[in-house]
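Have a look at the structure below before the remarks.
Order of the sequence lines sets the chain letters (A, B, ...), proteins ahead of strands, with each chain counted from 1. In what follows, every heavy atom counts, from backbone to side chain, and hydrogens, waters and symmetry copies are set aside.
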Amino acid sequence: MAALLRGLRAGRLLRGLSSVVAAPTSTTPQCRSLRRGFHCAALRLQDESKSDKHSASSSYSSSSSSSTTHDDYTSQQDSDPSSGDQEQDEDYETEEQLQARILTAALEFVPLHGWSMEAISAGAEAVGLSSASTGMFTNGAGDLVLHFISQCNSKLTEILAEQHNEVQLGQAEPKKTADFLRDAVETRLRMYIPYMESWPQAMSILLLPHNIPDSLKHLSTMVDDIWYYAGDRSTDMNWYTKRAVLTGLYNATELVMLQDSSPDFHDTWTFLDNRIQDVTNMAVTAKQMQSTGQAVAQGLLGAAVTLKNLTGLNQRR
Amino acid sequence: MAASVRLLVRRLVRLSHKSVTSSAATVSCRPGCCLGPSSSRCFSDAAEDRSTHFGFETVPEAEKAKRVYKVFENVAQKYDVMNDAMSLGVHRLWKDMLLHVMHPQPGARLLDVAGGTGDISFRFLDYVSYQQERRKRRAAGSSQTPSWQDISDKYPTDDRPQESRAVVCDINKEMLKMGKQRADSMGITSGLSWVVGDAEELPFDDDQFDIYTIAFGIRNVTHIDQTLQEALRVLKPGGRFMCLEFSKVTNPVLAKLYDAYSFQVIPVLGEVIAGDWKSYQYLVESIRKFPDQEEFKGMIEDAGFFCVRYFNFTGGVVALHSGFKL
């Protein structure tokens with residue numbers, strides 16, 4: 001029964017392949033044929049031995065141009081040797097990747113449609129799927145915004161890691177903490193510039209109650225990453241205070257950026273500079289206050305002892 | 001020989017009980033019965049040897065299609081009235097929920113299988129036209145005072161064939177006739193076609209439709225997996241399969257009430273309003289024979305759909321299953 005179904009599925013897929021080959025005017029023939037090719041490969045692999053797997057996958061890799069999905073397939077074949085659910089596992093992995101692909105394509109349509117289901121359906125059509133596939137995204141526009149945010153965060157982490165590597169290799173000078181923070185926040189906020197008109201809509205979507213846990217998670221991981229690459233290895237209360245400060249800084253700068261109309265957001269970066277200056281000053285002031293406070297406390301203690309001596313309370317009888 | 005005698009006896013017993021079936025909000029019935037998923041599609045067996053269920057009866061597969069056809073031929077005239085009477089109007093809410101979950105984008109093509117009197121298709125066309133109106137209003141509102149240049153630029157975009165189309169497919173001509181009459185009375189002139197076809201062998205090419213719906217029809221087909229395979233075939237890549245069907249009630253108290261209502265009240269209503277006890281008895285029994293939510297979800301996944309989910313309405317009386325062709 002299962003073999004029959006598999007055979008039917010193979011027949012359908014071969015039909016699909018032939019229809020794709022016969023219709024060269026379809027929007028993304030590469031992606032579709034690639035995916036169907038993988039389906040076919042997966043089906044064949046269940047019957048063949050492992051050694052044949054790698055040869056089959058490598059033959060497909062040479063014919064395809066977009067190799068990202070393919071790399072994931074080969075890595076899954078290496079890590080998922082169980083043959084029973086193999087095809088199912090690979091397809092489930094590709095489901096999320098497919099959703100990511102649709103959302104990435106949808107980002108191009110955001111300036112036109114805003115952060116909405118219409119942008120996602122335009123993205124689905126750009127990828128070559130029917131607009132009905134937007135039903136996969138139960139959170140609608142929230143999915144799109146969260147996907148964009150996580151994409152920006154990964155880009156930022158890559159940039160910071162690269163800079164870190166350069167410093168390790170000695171090709172660049174290590175920056176001071178204040179400068180590092182400033183550059184990191186500026187890099188991250190610059191990623192919003194293409195979507196600036198619709199960004200207020202995106203922010204309001206992130207503030208919806210059912211999106212708040214996810215948006216907070218993204219924000220906190222980003223702040224944590226920035227501080228990690230800034231060199232923070234604290235394990236005490238400083239861990240929390242540093243991240244709280246950076247979160248406040250980032251949010252304030254983002255809000256300023258929303259209503260900034262200066263060329264290249266010059267005012268926003270000035271605001272950022274000033275706030276970081278404030279934070280640094282406050283740190284210095286805090287240290288001074290601490291030492292002053294200690295001195296004052298000692299003085300008061302001395303005064304109290306003197307008073308006690310004068311009144312004769314300190315005498316031992 | 002013995003088998004046919006047994007069948008005769010069973011049929012006589014049935015008639016003496018005067019069973020009536022009714023389907024609350026059945027759009028149309030698919031000819032065929034749903035075999036248990038354990039039965040294999042061995043092409044060596046003749047169709048007459050394999051039997052399936054017709055309500056609580058057991059009949060040969062070839063016969064089920066004919067009997068289901070007769071059932072719906074009889075009920076076609078009073079179909080919509082009976083739906084409202086049996087479900088107390090709630091079937092309209094179920095169908096509205098189906099459209100809400102579907103959330104079709106303008107330009108989508110719908111295939112409404114077992115569409116019969118066209119409930120889903122009418123709602124689909126309404127929904128899409130409303131969405132388009134809203135978009136036009138939003139676009140017009142954003143540009144406060146459009147210049148003549150803007151207005152003339154918009155003209156070619158309006159001519160773009162972005163209208164959505166719905167195809168109603170049913171095996172029963174009587175049900176389609178009723179649907180056409182309704183469409184005429186509602187004044188729907190474009191975007192709707194009526195096709196006679198078998199859900200297990202659809203008269204359409206591959207990769208044609210964005211959305212495939214089958215509302216209260218899949219429990220009447222002979223081979224559910226064949227129907228699912230056909231659905232997969234005619235859907236475009238990225239297309240969505242949606243099935244609205246009666247299912248297992250989760251709450252035990254509600255289940256008892258529901259059973260009592262189904263077997264005591266619905267056949268009586270059928271006799272009083274439509275003058276047909278047996279048909280409505282069949283339909284109530286066929287609900288009991290249909291697999292439950294999880295099992296049906298497994299069948300949809302086996303057919304090759306992804307992201308399969310189901311939503312329960314009215315405590316499980318009705319379940320909406322949805323899957324994607326990816």
Side-chain angles (χ1 to χ4, degrees), chain A residues 1-13 15-16 18-20 22-23 26-29 31-33 35-36 39 87-88 91-99 101-102 112-114 116-138 140, chain B residues 37-43 100-111 128 131-132 134-135 138-139 142 162 164 205-213 225-226 228-230 232-233 235-242 299 301-309 311 320 322-326:
Chain A
M1 169 69 170
L4 197 64
L5 274 174
R6 245 181 272 143
L8 281 168
R9 220 177 287 169
R12 172 175 56 83
L13 291 165
R15 243 189 302 161
S18 62
S19 66
V20 165
S26 61
T27 43
T28 51
C31 297
R32 255 206 267 159
S33 61
R35 222 177 317 125
R36 294 199 196 270
H39 279 289
E87 191 191 352
Q88 205 70 341
D91 289 334
Y92 279 140
E93 199 60 26
T94 317
E95 250 171 46
E96 273 140 28
Q97 289 174 357
L98 180 69
Q99 289 184 358
R101 256 198 313 142
I102 295 178
L112 181 59
H113 293 297
S116 63
M117 286 300 273
E118 292 151 19
I120 300 181
S121 79
E125 275 165 14
V127 170
L129 295 176
S130 137
S131 63
S133 55
T134 56
M136 275 198 290
F137 303 104
T138 45
Chain B
S38 52
S39 70
S40 57
R41 288 186 274 128
C42 314
F43 296 111
H100 184 75
V101 171
M102 190 198 295
H103 194 53
Q105 303 293 321
R109 291 191 61 193
L110 172 79
L111 174 63
V128 169
Q131 293 277 318
Q132 263 178 319
R134 246 180 57 181
R135 265 192 218 171
R138 222 187 296 156
S142 59
Q162 248 221 345
S164 339
D205 280 332
D206 300 356
D207 300 346
Q208 289 288 311
F209 296 99
D210 293 296
I211 307 168
Y212 174 109
T213 57
D225 17 18
Q226 236 172 302
L228 294 174
Q229 292 282 339
E230 278 294 289
L232 193 69
R233 182 181 68 82
L235 275 175
K236 284 189 205 162
R240 191 170 195 183
F241 166 84
M242 308 196 75
M299 290 169 81
E301 278 171 353
D302 284 340
F305 289 99
F306 295 104
C307 292
V308 182
R309 314 177 45 204
F311 310 87
L320 167 63
S322 141
F324 291 91
K325 173 180 179 177
L326 294 177

Exercise. Rounded to the nearest 0.5 Å, how far apart are OG1 of A:Thr134 and CZ of B:Arg240?
Worked result: 7.5 Å
Seminar exercise, completed: OG (A:Ser131) and NZ (B:Lys236) are apart, to the nearest 0.5 Å, by 7.0 Å
Problem set entry | Nearest heavy-atom neighbours spanning B:Phe324 and A:Met136 | CZ-N, 3.2 Å
Problem set entry | With sequence neighbours excluded, residues passing side-chain contact (heavy atoms from CB on, under 4.5 Å) with A:Glu118 | A:His113, A:Ser116, B:Gln105, B:Arg135, B:Arg138
Exercise. Hey, which of B:Gly239, B:Pro104, B:Gly238 has the most heavy atom pairs under 4.5 Å with chain A?
Worked result: B:Gly238
Exercise. Which of these passes side chain to side chain contact (heavy atoms under 4.5 Å, CB included) with A:Ser130: B:Leu235, B:Asp210, B:Ile211?
Worked result: B:Asp210
For this session: Against chain A, label B:Arg109 side chain, backbone, both or neither, depending on which of its atoms sit under 4.5 Å from a heavy atom there.
Result: neither
